[in-house]
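Written below as structure tokens is the structure these notes are about.
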Amino acid sequence: MEFFQDLLVKLMEAETWVQYVSVFLISIVPFFESYVAIPIGIVFGFPSMQVVLIGAFGNWLSVMVFI
């Protein structure tokens, strides 16, 4: 649990583009898209519509790769 808290703190201090990429990478894992990636993006202060689109695209991309 501490690992995730430390990771979130480090990401909060990171540059904006790193935060966007981290939301995208987290959303590649199915199920994490809606329960982890989108809330993290909203915590970073990004507009919710952008975060939802990034999360949906990351999830869609992973599904297309596996299909």
Side-chain angles (χ1 to χ4, degrees):
M1 188 70 157
E2 280 186 39
F3 171 75
F4 293 112
Q5 291 174 345
D6 293 339
L7 180 63
L8 186 59
V9 167
K10 288 180 183 178
L11 286 175
M12 297 260 320
E13 297 169 354
E15 294 182 28
T16 304
W17 70 271
V18 174
Q19 293 174 341
Y20 273 114
V21 170
S22 66
V23 170
F24 174 76
L25 292 176
I26 293 170
S27 71
I28 288 176
V29 178
F31 182 76
F32 276 20
E33 171 223 349
S34 58
Y35 292 104
V36 178
I38 292 174
I40 286 176
I42 292 173
V43 166
F44 288 156
F46 299 143
S48 58
M49 195 60 184
Q50 283 182 355
V51 173
V52 169
L53 290 174
I54 290 171
F57 180 71
N59 194 323
W60 175 82
L61 185 64
S62 68
V63 168
M64 290 298 121
V65 167
F66 288 119
I67 290 178

Review point. Can you get from Leu53 to Met64 by hopping between Ile, Leu, Val, Met, Phe, Trp and Tyr side chains that sit under 4.5 Å apart?
Key: no
Point to revise | Trp17 with Ile28, same ILVMFWY side-chain cluster at under 4.5 Å | key: yes
**Study point:** Residue pairs involving residues 2-11 (criterion side chain to side chain donor-acceptor pair (under 3.5 Å); sequence neighbours excluded)
**Key:** none
Review point. Can you list every side chain to side chain donor-acceptor pair (under 3.5 Å) pair that touches residues 40-66, not counting sequence neighbours?
Key: Tyr20-Gln50, Glu33-Asn59
Exercise for review: With sequence neighbours left out, write down each residue that passes side chain to side chain donor-acceptor pair (under 3.5 Å) with Gln19, or none if nothing qualifies.
Suggested key: none
Point to revise | Considering all heavy atoms, the nearest Phe44-Ser22 contact | key: CE1-OG, 3.9 Å
Check your understanding: Which atoms form the tightest heavy-atom contact between Ser27 and Gly58, and what is the distance?
Key -> OG-CA, 3.4 Å
Point to revise | Contacts of type ring-ring contact (aromatic ring centres under 6.0 Å, His included), residue Phe31, not counting sequence neighbours | key: Tyr35
**Study point:** Residues which pass side-chain contact (heavy atoms from CB on, under 4.5 Å) with Phe32, listed by chain and number, not counting sequence neighbours
**Key:** Ile26, Val29, Val36
Practice item. State, yes or no, whether a side-chain contact exists between Phe46 and Ile38 at a heavy-atom distance under 4.5 Å. Key: no
